[in-house]
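Here's the structure we're looking at; comments come further down.
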Amino acid sequence: MRDIFIKACNGLKTDYTPVWFMRQAGRYMPEYQRVRQKYDFLTMCRTPEIAAEVTMQPVRILDVDAAILFSDILIPLEAMGIKIEFIEEKGPQVHPAIRTSAQLNQLKPLEIEKIQYVFEAIRILIRELNVPLIGFAASPFTLATYIIEGASSKEFINSKKFMFSDKESFHKLMAMLTDSMLLYLKEQLKAGVNAIQIFDTWAGILSPFDYELFVKPYVKRLIEGLKSVPVIYFCPNATGLADQINETEADVLSIDWRIDISDASRLFREKTIQGNLDPLTLLGSEDEIFKRTTYILTGGRKARSHIFNLGHGVNIHTKVDTLKKLVDFVHNFKHKEE
Ligand code: 1CP
């Protein structure tokens, strides 16, 4: 297996910078579209052969150094008494939404038997892939926002109202989600994933004070339970949370483009840095893309180790050819002697 990605996760300097992309399987890719035209998104996630096939598409087409399981952070809710739907234009819908302590009992601890299709997809991929497979889950907080809001949100009013009016119940919800995500990720480990990424897409909406209180203890507990493979923590807007994030045991921190990679390398000295090209750069000219990529690869040398990625998922309007050229550019990049 090509293991340069795992080496970088473990903090080792590598001969070239490994690269993969969040949302590397998706609608920007014609091969994905062909499958998606026949099946809806949930059917694709629930059918191991299809999930495995679309997971492998970007590995074959782009030559990236890691695969990420094709699934969604909301999938485990199907095994926790919650119904999920993905509606075109509207995004994910979750019901019932849980906003009071009285509604907490509608959420059940994860029943792993109900989502065996996830682990079957992983087992197929472990047989087929020649690069490491990343398994994933949402952080308890990011998952909680979907459960409380019932959908995507911009201001997270219901989540914050719950958190600031009934903190005991909120902690109860977080503890339960942590137990369930730990079970879910341990099962992914048993099926064979080589690394884990925890998506904390929305933790950056909190003050450091509230992150410390409501998020850090659960992220810490989750990561400490998973120490047999490298753990990547994805947290956009991480700058103001640096002290807290450094206290988690994540091996890798995945950052967005709002922080300079040299600053991130300094702030998160003990972690491998993953990132951090603005995905919409890829809609611009090649000249601008490679200029920023050079800047990031150069800054990434200051980190403990560096994995090239975007600061968030691939945009649907991205050209496959652009991503291919970007992978080649990263692989062939020669650092000037220091
Ligand atoms: O209609 C379609 O084809 C569905 C679109 C889609 C896809 C392709 C959704 C709905 N999810 C996914 C796949 C997905 N989601 C992956 C697959 C692996 C890969 O990266 O290639 C992963 C890792 C996720 C994780 C995910 N889902 C996150 C965390 C990452 C991030 O983007 O911040 C979040 C927040 C979700 C929720 C979700 N699912 C789908 C959408 C459109 C969203 C975001 C909605 C929102 O902004 O709240």
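Quick note: numbers below take in every heavy atom, side chains included, and nothing from hydrogens, waters or symmetry partners. We count ligands from 1, going down the list as the structure has it; atoms in each ligand are counted the same way.
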Please tabulate, for side-chain N and O atoms in residues 104-112, each donor-acceptor pair with protein atoms closer than 3.5 Å (sequence neighbours left out).
{"residue": "Lys108", "atom": "NZ", "partner": "Asn105", "partner atom": "O", "Å": "2.9"}
{"residue": "Glu111", "atom": "OE2", "partner": "Lys114", "partner atom": "NZ", "Å": "3.2"}

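- The aromatic ring centres of Tyr32 and Phe70 sit less than 6.0 Å apart.
- Among residues at least two apart or in separate chains, ring pair (Phe, Tyr, Trp, His ring centres under 6.0 Å) pairs with a member in residues 285-308 are Phe290-Phe329.
- Taking the six-membered ring where tryptophan is involved, the planes of Phe5 and Trp20 are perpendicular, since the angle between them exceeds 60° and thus also 30°.
- Counting heavy atoms from C-beta on, the side chains of Leu77 and Val94 come closer than 4.5 Å.
- Using a heavy-atom distance under 4.0 Å as the criterion, the protein contacts of ligand 1 are Met22, Arg23, Gln24, Ala25, Arg27, Tyr32, Arg36, Phe41, Ile68, Leu69, Phe70, Ser71, Asp72, Ile73, Phe86, Pro92, Phe136, Tyr146, Ser152, Phe199, Thr201, Trp202, Phe234, His312.
- Cluster partners of Tyr16, by chain and number: Ile4. The rule joins Ile, Leu, Val, Met, Phe, Trp and Tyr whenever side-chain heavy atoms lie under 4.5 Å apart.
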